[in-house]
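Note that the structure is predicted; figures quoted are calculated from it, not measured.
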Amino acid sequence: MSQALRVAVQGAGTVAPGWVASWAEQAFLTPRRPRRSRTSEAVLATGRRRFLRLGGEQVAVWSWGHGPRVLLVHGWSGYGGQLTAFVAPLVDAGFSVVTYDAPAHGESSGRTSSLPEMKDMVSAVARATGGPHAVVGHSFGAAASALAMRDGLAVQRAVFLAPPSDPTTTVRWFSDHVGLPERVESRLMGKMEARAGHRLAEDQAWLFAPRMRVPLHVFHDEGDAEVPLASGEVYARLWPGARITRTTGLGHHRILHHPDVVRDAVAFLQEGRAAAA
């Protein structure tokens, strides 16, 4: 965001805080739809695509293979194809795979979204596709998956890639990024909590992680500029039995494609099948 626009937002927030808070709410809830890579599109083209009516939206869903189902969950301003590096290794390992574009993302309908709505969509897609054996979530998709598990989504194993641990920090980061005055930030937080129906602080990972019993493997890069490593370490430290792999030089997105990360994540999910057998 340009400095000129930040100054304009700060000035408007002083004289018209209600209007700026409404603008900020709409901007905060509107994800970008990035250009889809040729590689991910090629993998998606090999899957079975369908549109499911979920949460009042048309949700694009892809599936591959046979066997215990693994649900791949993308992050904010992402799309299901971002996790397609996992598809072939999982299918080769005897799993079936489902991924999807969340509402307001990718090929799905909708204009706005939020972490609570993404959490509900994880559960909705899981129910509509037969229920997952495991979940692999990236960034906000990992946080949404964790909250869905907290609220009753049953899985046997989970892999989180660069998971945020505190949704309130996202509001604060956005407010700082666009230059919202403090009282407008407070109004924005109030709007987010009214939309969610509860205080966002209730969704902080440190509150629910100690109660979780699903085996978890966290992958997080030491130089992640979007979600700091300390966030992933919250899950690793407080989630009973969780393990963490710290990577270097992969950032927030390249971690999704690195062969070692994919291999170790698939091996972790295979451990769960062996243990069950």
- Task: Check for a donor-acceptor pair, side chain of Gln26 on one end and backbone N or O of Trp23 on the other, with a separation under 3.5 Å.
- Result: no
- Message: How close do His252 and Ser139 get, counting heavy atoms only, and between which atoms?
- Response: NE2-OG, 3.0 Å
- Pairs meeting criterion side chain to side chain donor-acceptor pair (under 3.5 Å) with involvement of residues 159-171, two or more places apart: Ser165-Ser231, Asp166-Thr168, Thr168-Arg172
- Task: Evaluate the ring planes of His105 and Trp76, with Trp represented by its six-membered ring, and classify them as parallel (under 30°), tilted (30 to 60°) or perpendicular (over 60°).
- Result: perpendicular
- Task: State, to 0.1 Å, how close Arg69 and Thr129 come at their nearest heavy-atom pair, and which atoms those are.
- Result: NH1-O, 2.7 Å
- Task: Compare every heavy atom of Pro210 with every heavy atom of Arg213, then report the nearest pair and how far apart it is.
- Result: NH1-O, 3.0 Å
- Are Ser108 and Tyr100 close enough that some pair of their side-chain heavy atoms sits under 4.5 Å apart? no
- Shortest non-hydrogen contact from Val262 to Ala85? CG1-O, 3.7 Å
- Task: Evaluate the side-chain proximity of Leu52 to Val125: yes if any heavy-atom separation is below 4.5 Å, no if none is.
- Result: no
Output side-chain donor-acceptor pairs under 3.5 Å for residues 91-99, partner residues at least two apart or in another chain, one line each.
from  : atom 1 : to    : atom 2 : distance (Å)
Ser96 : OG     : Gly67 : O      : 2.8
Thr99 : OG1    : Leu72 : O      : 3.2
Thr99 : OG1    : Gly80 : O      : 3.3

- With the 4.5 Å side-chain cut-off for hydrophobic clustering, are Val184 and Trp173 part of the same group? yes
- Parallel, tilted or perpendicular: ring planes of Phe219 versus His217, cut at 30 and 60 degrees: parallel
- For Glu57, side chain to side chain donor-acceptor pair (under 3.5 Å) partners two or more places apart: Ser109
- Note on the structure: Heavy atoms of Arg33 and Gly106 approach each other most closely as NH1-O, 2.6 Å
- Message: Looking at every heavy atom in both Ser113 and Pro103, which two are closest together, and how far apart are they?
- Response: CB-O, 3.9 Å
- Val234 and Phe160: same hydrophobic cluster, using ILVMFWY side-chain contacts below 4.5 Å? no
- Item | Residue pair Arg263 / Pro89, side-chain heavy-atom distance below 4.5 Å | no
- Would you please say whether a donor-acceptor pair under 3.5 Å links the side chains of Ser40 and Tyr79? yes
- How many angstroms lie between CG in Asp224 and NE2 in His253, if you round to the nearest 0.5 Å? 8.0 Å
- Interatomic spacing from CE in Met189 to CZ in Phe28 - rounded to 0.5 Å: 8.0 Å
- Selection residues 30-66 - residue pairs positive for ring pair (Phe, Tyr, Trp, His ring centres under 6.0 Å), sequence neighbours left out: none
Check residues 197-205 and write down every donor-acceptor pair under 3.5 Å in which the side-chain atom is one partner and the other belongs to a residue at least two apart or another chain.
from   : atom 1 : to     : atom 2 : distance (Å)
His198 : ND1    : Ala196 : O      : 3.3
His198 : NE2    : Asp203 : OD1    : 3.4
His198 : NE2    : Asp203 : OD2    : 2.8
Asp203 : OD1    : Arg150 : NH1    : 2.9
Asp203 : OD1    : Arg150 : NH2    : 3.4
Gln204 : NE2    : Ala201 : O      : 2.9

- Transitively linked via ILVMFWY side-chain contacts under 4.5 Å: Ile244 with Ile255? no
- Member of Leu161, Thr245, Val266 meeting the side chain to side chain contact (heavy atoms under 4.5 Å, CB included) criterion with Val261: Leu161
- Query: Do Val159 and Phe86 touch side chain to side chain, with heavy atoms closer than 4.5 Å?
  - Reply: no
- Task: Could you note down all residue pairs passing salt bridge (charged side-chain N to carboxylate O under 4.0 Å, His left out) where residues 101-121 supplies at least one of them, sequence neighbours left out?
- Result: Arg36-Asp101, Arg36-Glu107, Arg49-Glu107, Glu117-Arg195, Lys119-Asp151
- When rounded to the nearest 0.5 Å, the distance separating OG of Ser114 from CD of Glu25 is 10.0 Å
- Task: Indicate if Leu44 and Val61 have the same hydrophobic cluster label, given that clusters are the connected sets of ILVMFWY residues with side-chain heavy-atom separations under 4.5 angstrom.
- Result: no
- Indicate yes or no: at least one non-hydrogen side-chain atom of Phe268 is less than 4.5 angstrom from one of Arg243. yes
- Task: Please examine the side chains of Ser22 and Lys191, heavy atoms only from C-beta on, and report whether any two atoms are closer than 4.5 Å.
- Result: yes
- Tell me, do Ser175 and Glu182 make a side-chain contact under 4.5 Å, heavy atoms counted? no
- Backbone N or O of Ala102 within a donor-acceptor pair of the His74 side chain at under 3.5 Å? yes
- Any side-chain heavy-atom pair from Leu229 and Arg246 closer than 4.5 angstrom? yes
- First locate atom CG of Leu83, then atom NE2 of His138, and finally report the distance between them rounded to the nearest 0.5 Å. 7.5 Å
- Query: What distance separates Ser186 OG from Leu180 CG, expressed to the nearest 0.5 Å?
  - Reply: 10.0 Å
- Message: Using a 6.0 Å cut-off, check whether atom CZ of Arg53 has over 12 heavy atoms from anything other than its own residue.
- Response: yes
- State the CG-CG distance between Asp260 and Leu250, to the nearest 0.5 angstrom. 9.0 Å
- Item | Verdict with supporting geometry, Val171 and Leu188, side chain to side chain contact (heavy atoms under 4.5 Å, CB included) | CA-CA 8 Å; Val171 177; Leu188 175 61; 4.0 Å; yes
- May I ask whether Phe140 and Leu29 are part of the same hydrophobic cluster, defined by side-chain heavy atoms of I, L, V, M, F, W, Y residues being less than 4.5 angstrom apart, directly or through others? no
